[in-house]
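Worksheet: one structure, shown below.
FYI, side chains are in, hydrogens and waters are out, and symmetry mates aren't considered; it's all heavy atoms of this structure.
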Amino acid sequence: NKLPRTMLLQLLLFASFEASQQLLRGDNVATVVPIYVYPSSTGLTQYVQAVNSSRLNGLNQFLIINPDNGDSAKRPPNSDWLKAIRICGTAGQHLHTIGYVHTLYGKRPLSAVKADIKGYFQQGWNVQGIFIDEASSELHHVPYYQQLFTYIKHFGKNNTVVCNPGTSCVEEYLAACDNIVTFESPYSSWNTAQPPTWQRKYPKDRFSALVLNTPKTHLHTVVSQATKRHYGNVFVTNVPYAKGLPTYWQQEVQQLIGK
C-alpha cells in the first residue's frame, strides 16, 4: 500500500534533517562543479584548478566527472583518467568526486543506469557519489529514482546522490536524493526564476542552482541572489561544461568562500 502523500511529506521533513546533517558532517558544500572535459594534457589543468580551489582555498564542492556520459565507467579508467582521479584524491575533505549518469527523464532502462553506477564503484573510479542527470520532475517517476537512490547507497551509505531535473519538481523527489538541482538555465532566465515554494521547508544545503551563460559582471549578483533564494550550492559559468571551468573561476571561488 502506498503512503498518503501528506504522511510521505512529513517523513521527508524528518529525513531531510538526517540528510542535511550528513552533508554538513562531511562537506558543507558550496558548489556542484560539472567538468565534462577529457583529462588530456591540456584538459587535466581544469581538474588541477578545481582541486586547488578546495585544497588551497577550502572551497566545498561536488566535482562531477563524466567519462563518456557514464558509459566508460563500466570499464577501469585509462591512464588519462587515472591522473585526474589521483589529482582529485589530493583535495582533502572539502571535495567529493561524483560520477555522471543520465536517465533520459525516467525513460532509460534502470538496468542500464545501474550498470554505469556499478562501474563507478567497482572499476576503480574512486567516486563518493553519483550525479543523476536528465532527471524527471514528475511525480509518477519518483519510484524510478528511489530505486537508483537505494542502489547507490548499497555501495556505501555515505555516498551522495545529486539529482538534476534542472527545474522545479514535486517535493517527493527529496526521498530519492541528497541534493537536487532545481535550476539549470541561462542567466537570462535567472532574474525571473523562483525555486519551488516547498524548497524553504528544507535545509538549503539540499538544493543547487547551475546558472549558465553568465557575464562576469553579474557573477557577484547571482551568488548573492542564490543564497537569498535558498540555494546552498551554486555554480555560475560563462562557458559550456565541455570546455571546463568558467573564465572567471578564481573570482567565483572567492565569492563562494565569502572573501
Side-chain angles (χ1 to χ4, degrees), residues 9 12-13 16 19-20 23 28-36 59-64 98 100 102-106 131-142 145 160-249 251-258:
L9 295 180
L12 278 173
L13 275 168
S16 72
S20 179
L23 290 172
N28 185 13
V29 294
T31 188
V32 176
V33 181
I35 299 185
Y36 298 170
L59 175 67
N60 292 307
Q61 62 177 302
F62 288 134
L63 177 62
I64 307 167
I98 59 178
Y100 177 100
H102 63 98
T103 59
L104 198 59
Y105 309 100
F131 181 81
I132 301 175
D133 199 19
E134 296 180 349
S136 174
S137 60
E138 299 177 8
L139 181 61
H140 69 276
H141 280 138
V142 169
Y145 292 95
T160 300
V161 182
V162 180
C163 284
N164 181 27
T167 188
S168 295
C169 60
V170 295
E171 192 171 351
E172 283 83 352
Y173 271 91
L174 284 178
C177 62
D178 298 306
N179 185 283
I180 189 164
V181 180
T182 58
F183 183 91
E184 184 187 31
S185 289
Y187 172 76
S188 57
S189 302
W190 174 251
N191 283 334
T192 57
Q194 291 296 328
T197 55
W198 53 262
Q199 186 165 308
R200 291 188 179 275
K201 295 195 300 184
Y202 302 91
K204 67 180 182 179
D205 305 88
R206 299 201 67 187
F207 303 99
S208 296
L210 308 178
V211 189
L212 317 178
N213 303 337
T214 306
K216 180 180 178 181
T217 51
H218 297 299
L219 171 62
H220 175 78
T221 300
V222 171
V223 173
S224 177
Q225 289 175 333
T227 301
K228 294 175 182 177
R229 295 181 191 181
H230 206 66
Y231 287 104
N233 315 279
V234 59
F235 178 73
V236 187
T237 188
N238 62 346
V239 302
Y241 298 159
K243 291 187 178 295
L245 297 168
T247 60
Y248 44 66
W249 177 242
Q251 292 92 329
E252 182 166 345
V253 170
Q254 296 303 307
Q255 290 286 331
L256 291 172
I257 64 176

Indicate whether the side chain of Thr160 and that of Asn179 have a donor and an acceptor atom separated by less than 3.5 Å. no
One should read off an interatomic distance between Lys228 NZ and Gln225 CD, to the nearest 0.5 angstrom, of 7.0 Å
Test side-chain contact (heavy atoms from CB on, under 4.5 Å) applied to Cys169 and Ile180, step by step: CA-CA 9 Å; Cys169 60; Ile180 189 164; 3.3 Å; yes
As an exercise, state the distance from CD1 of Ile35 to CG of Leu63, rounded to the nearest 0.5 Å. 4.5 Å
Say you draw a straight line from CD1 of Ile132 to NE2 of His102; how long is it, rounded to the nearest 0.5 Å? 12.0 Å
So do Leu210 and Tyr241 actually touch side chain to side chain, heavy atoms under 4.5 Å? yes
Residue set satisfying side-chain contact (heavy atoms from CB on, under 4.5 Å) with Ser168, at least two apart, ordered chain then number -> Pro196
Strictly by ring-ring contact (aromatic ring centres under 6.0 Å, His included), give each pair with a member in residues 176-200 just once, sequence neighbours left out. Phe183-Trp190, Tyr187-His218, Trp198-Phe207
Any side-chain heavy atom of Thr214 sitting closer than 4.5 Å to one from Leu219? no
Exam field: side chain Thr182 to backbone Gly166, donor-acceptor pair closer than 3.5 Å: no
Could you go step by step and tell me if Val32 and Val181 meet the side-chain contact (heavy atoms from CB on, under 4.5 Å) rule? CA-CA 9 Å; Val32 176; Val181 180; 5.6 Å; no
Can you name the residues that form a side-chain hydrogen bond (donor to acceptor under 3.5 Å, both in side chains) with His141, not counting sequence neighbours? Ser136
Give a yes or no answer on whether the side chain of Asn238 reaches the backbone of Lys216 with a donor-acceptor pair at less than 3.5 Å. no
Could you give the distance from OG1 (Thr103) to CG (Asn164), rounded to the nearest 0.5 Å? 9.0 Å
Separation of Asp133 CG from Glu184 CD (nearest 0.5 Å): 6.5 Å
Modelled atom types, side-chain donor and acceptor of Glu138 and Tyr105, under 3.5 Å: no
CZ of Arg206 to NE2 of His230, rounded to nearest 0.5 Å, is 10.5 Å
Do side-chain atoms of Glu172 reach the backbone of Leu139 as a donor and acceptor pair under 3.5 angstrom? no
Mutual orientation of the aromatic rings belonging to Trp249 and Phe235 [parallel < 30°, tilted 30-60°, perpendicular > 60°]: tilted
Taking the side chain from Tyr145 and the backbone from Gly106, do they hold a donor-acceptor pair closer than 3.5 Å? yes
Please give me the minimum heavy-atom distance between Val234 and Leu256, naming the atom from each residue. CG1-CD2, 3.5 Å
If you look at every heavy atom in Asn191 and Arg229, which pair is closest and at what distance? O-NH2, 3.7 Å
What pair of heavy atoms forms the shortest contact from Ala176 to Cys163, and how long is it? O-SG, 3.8 Å
Donor-acceptor check, side chain of Thr237 to backbone of Leu212, threshold 3.5 angstrom: yes or no? no
